[in-house]
Amino acid sequence: MKILILGHKGMLGSDLFLRLFAFHEVEGKDIEDFDIASQEACTEAISEIEPDVVINAAAYTDVDCCESDSDTCFSVNAEGVKNIALACRERGIKIVHFSTDYVFDGMKRNPYQEDDKCNPINVYGKSKLAGEQYLKQFSDNFLLIRSAWLYGKNGKNFVKTIVEKARTEKVLNIVDDQVGSPTFTWDLAAAVQLLIEGRHTGIYHITNRGNCSWYQFAVKILKSACVTDVTVKPIKSDALQRPAKRPHYSVLTCRKFFETTGKTMRYWQIAVDDYISKMGY
Ligand SMILES: NC(=O)c1ccc[n+]([C@@H]2O[C@H](COP(=O)([O-])OP(=O)(O)OC[C@H]3O[C@@H](n4cnc5c(N)ncnc54)[C@H](OP(=O)(O)O)[C@@H]3O)[C@@H](O)[C@H]2O)c1
């Protein structure tokens, strides 16, 4: 397959590139090449490259900045998706797009299914939901994958932040009232490859298996990195006063992915161990 990855320098995009490169003809574009918020630029690039599949891993992902910069956030996360979908539809190209657990409000107490009602509680989540809606409206051949709490080799992420903070701070205060599923982008990229090669379409939830709070995640990261002289203290989200609200519970069920592919994702703790060892922490 000829595959165009948008946002190929980002955290997920770079792992998708590495995974797919060995099996397909893959081309990557990022913000230096063109801005997905421009309809003209999307159409020009997609018609020039003529891929079979466009994977959109480009997004405005700074959840707190989205609160004060909602115009840019919507132009990338919503209009950008519409631009790509329109350019793909005209040429019969499949589009693979990513969304987030933050499209849900976190009021459920058991894992969210693909058809559960969305009700985002921050600007980022609202922009991602608008992107999903454009995708459904303007594409008849799409794969929409919702994931959560990503970490990977490239880019800023929670695992890197905790390991780096632990080098200078001996007490870390971490929120214990938000529960989700940490997901290694390397694992997510493998799952996406399976769905693409199986020519599946529709909405899928994909995360590593199991769930935890950010506090439990931080404890595991330090244990895995053999850091023994740092104390992690649980705090409530309100204590942080971050610009964007986060859902208290945003665990996604991956049952549909299992039923479709026969594969399960590995447990999040095993993925963290693997990441820490790959990063040499
Ligand atoms: N990170 C998470 O925890 C998480 C959780 C659930 C879902 N997701 C979704 O997963 C996908 C990948 O996330 P990620 O964390 O890998 O993102 P990321 O690391 O921020 O990568 C996004 C890439 O897109 C580029 N980009 C930004 N605006 C662009 C534009 N207007 N035109 C073209 N390229 C642009 C970025 O460039 P710059 O770096 O220069 O801005 C970056 O290279 C996104 O759809 C995100 O919403 C992420």
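Remember, it's 1-based here, ligands and their atoms both numbered in the order they're listed. Note that these values count all heavy atoms, side chains included, but never hydrogens, waters or copies made by symmetry.
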#### Entry: Close side-chain approach of M107 and N119, heavy atoms under 4.5 Å
no
### Message
Within the structure provided, determine whether E259 and R255 are in side-chain contact (heavy-atom separation under 4.5 Å).
### Response
yes
#### Entry: Any side-chain heavy-atom pair of T183 and W149 under 4.5 Å
no
#### Entry: Minimum side-chain heavy-atom gap P182-Y151 below 4.5 Å
yes
### Task
Might you list the protein residues in contact with ligand 1, defined as having a heavy atom under 4.0 Å from one of its atoms, sorted by chain and number?
G7, K9, G10, M11, L12, D30, I31, F34, D35, I36, A57, A58, A59, T61, V76, F98, S99, T100, Y124, K128, S147, A148, W149, L150
#### Entry: Results of side chain to side chain contact (heavy atoms under 4.5 Å, CB included) for F158 - residues two or more places apart only
I162, I174, W214, F217, A218, I221
### Message
Checking side-chain contact (heavy atoms from CB on, under 4.5 Å) between L20 and each of V192, D15, I5, which is the one that passes?
### Response
I5
